[in-house]
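Encoded as structure tokens, the structure appears first; notes follow it.
Worth knowing before you read on, the calculation uses all heavy atoms, side chains too, and leaves out hydrogens, waters and symmetry mates.
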Amino acid sequence: MDWSGKITHLAGSLRARFQAVRAFYRDSRTTMESRKSELEPVDPRTAQQLFLDHKETECTESTVRNHRYHTSEFVEWCEENDVDNLNDLTGRDLQALRLWRKESSDINLMTLNNYLCSLRVFIKWCGSVEAVPENLYDKVMRPRVSPDDQQAEETLRRDTRMLLTEQGIAPDSYLNRA
């Protein structure tokens, strides 16, 4: 084969590869658009209330209270950032939320981790009711918490219970108050 034949063959091969790549992206874009069209529009506050109603049927009062607190901060962030339909929420938004939460209240890593765990549960539930893409919860990135930080948190809880008991206060009723 001469040079012009080799170039023609190479050009044909590149053209075929380009068309295959273009078809792949067209198909993946169509798949992403069809997934997005399967989502049901819902505003953050409505999703929060539906989530809390669901959690009230299967969780303790204190767990529901924690979810209410954490999802209220999420709803606040959504309002401040003009997110009025959870269908539009992305992994990038979740990262921005994580940074906002850390910077807005100067919280420690353990508190941030607890917040993001609760947020992850909420986002996973939202995926189950077609409010967000099904696996969006995987994009909630939690900080690494050292065993020392975990131990300090557990010690604080134990010491708080002991102090309440010494004051004649039932720890469970005090800690589970509304």
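- Proximity of I123 to L89: side-chain heavy atoms (C-beta onward) are separated by under 4.5 Å at one or more points.
- One side chain, T90 or D93, offers a donor N or O that lies under 3.5 Å from an acceptor on the other.
- Side chains of V132 and Y137 form no contact here, defined as non-hydrogen atoms less than 4.5 Å apart.
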Verdict with reasoning, R68 to E56, per salt bridge (Lys or Arg N to Asp or Glu O under 4.0 Å): CA-CA 11 Å; R68 179 175 290 110; E56 285 176 348; 3.5 Å; yes
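- Taking the side chain as every heavy atom from C-beta outward, E80 and W100 approach each other to under 4.5 Å.
- For the atom pair OG1 (T63) and NZ (K55), the distance works out to 8.5 Å, reported to the nearest 0.5 Å.
- Looking at P133 and L39, their side chains come closer than 4.5 Å, going by heavy atoms from C-beta outward.
- Counting heavy atoms from C-beta on, the side chains of L94 and M141 never come closer than 4.5 Å.
- Within the 3.5 Å criterion, the main-chain N or O of S118 finds no donor-acceptor partner in the side chain of N66.
- The minimum heavy-atom distance linking A47 with W125 is given by the pair O-CZ3, 3.6 Å.
- A salt bridge does not link K124 to E134: none of the charged nitrogens lies less than 4.0 Å from a carboxylate oxygen.
- Note that CG of L52 and SG of C59 are 10.0 Å apart. Values are rounded to the nearest 0.5 Å.
- Taking CG from L97 and CZ from R92, the interatomic distance works out to 15.0 Å, rounded to the nearest 0.5 Å.
- The residues R120 and D138 are annotated as salt-bridged, a charged nitrogen and a carboxylate oxygen being separated by less than 4.0 angstrom.
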Full working for side-chain contact (heavy atoms from CB on, under 4.5 Å) between R98 and L116: CA-CA 8 Å; R98 180 183 192 262; L116 293 171; 3.6 Å; yes
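- Atom CG of residue L86 and atom CD of residue Q48 lie 10.5 Å apart, to the nearest 0.5 angstrom.
- Counting only heavy atoms from C-beta outward, the side chains of L112 and R101 approach each other to under 4.5 Å.
- Less than 6.0 angstrom separates the ring centroid of F51 from the ring centroid of H67.
- In this structure the side chain of H70 never reaches within 4.5 angstrom of the side chain of L119, judged on heavy atoms.
- A pairwise comparison of heavy atoms in F74 and P44 identifies CE2-CB, 4.4 Å as the closest pair.
- Atom OG1 of T71 sits about 9.0 Å away from atom CD of Q49, to the nearest 0.5 Å.
- A heavy-atom distance below 4.5 Å is found between the side chains of E73 and Y115.
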side-chain hydrogen bond (donor to acceptor under 3.5 Å, both in side chains) evaluation trace for D43 with T46: CA-CA 6 Å; D43 66 277; T46 300; 2.6 Å; yes
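- Rounding to the nearest 0.5 Å gives a distance of 12.0 Å between CD of Q95 and NZ of K139.
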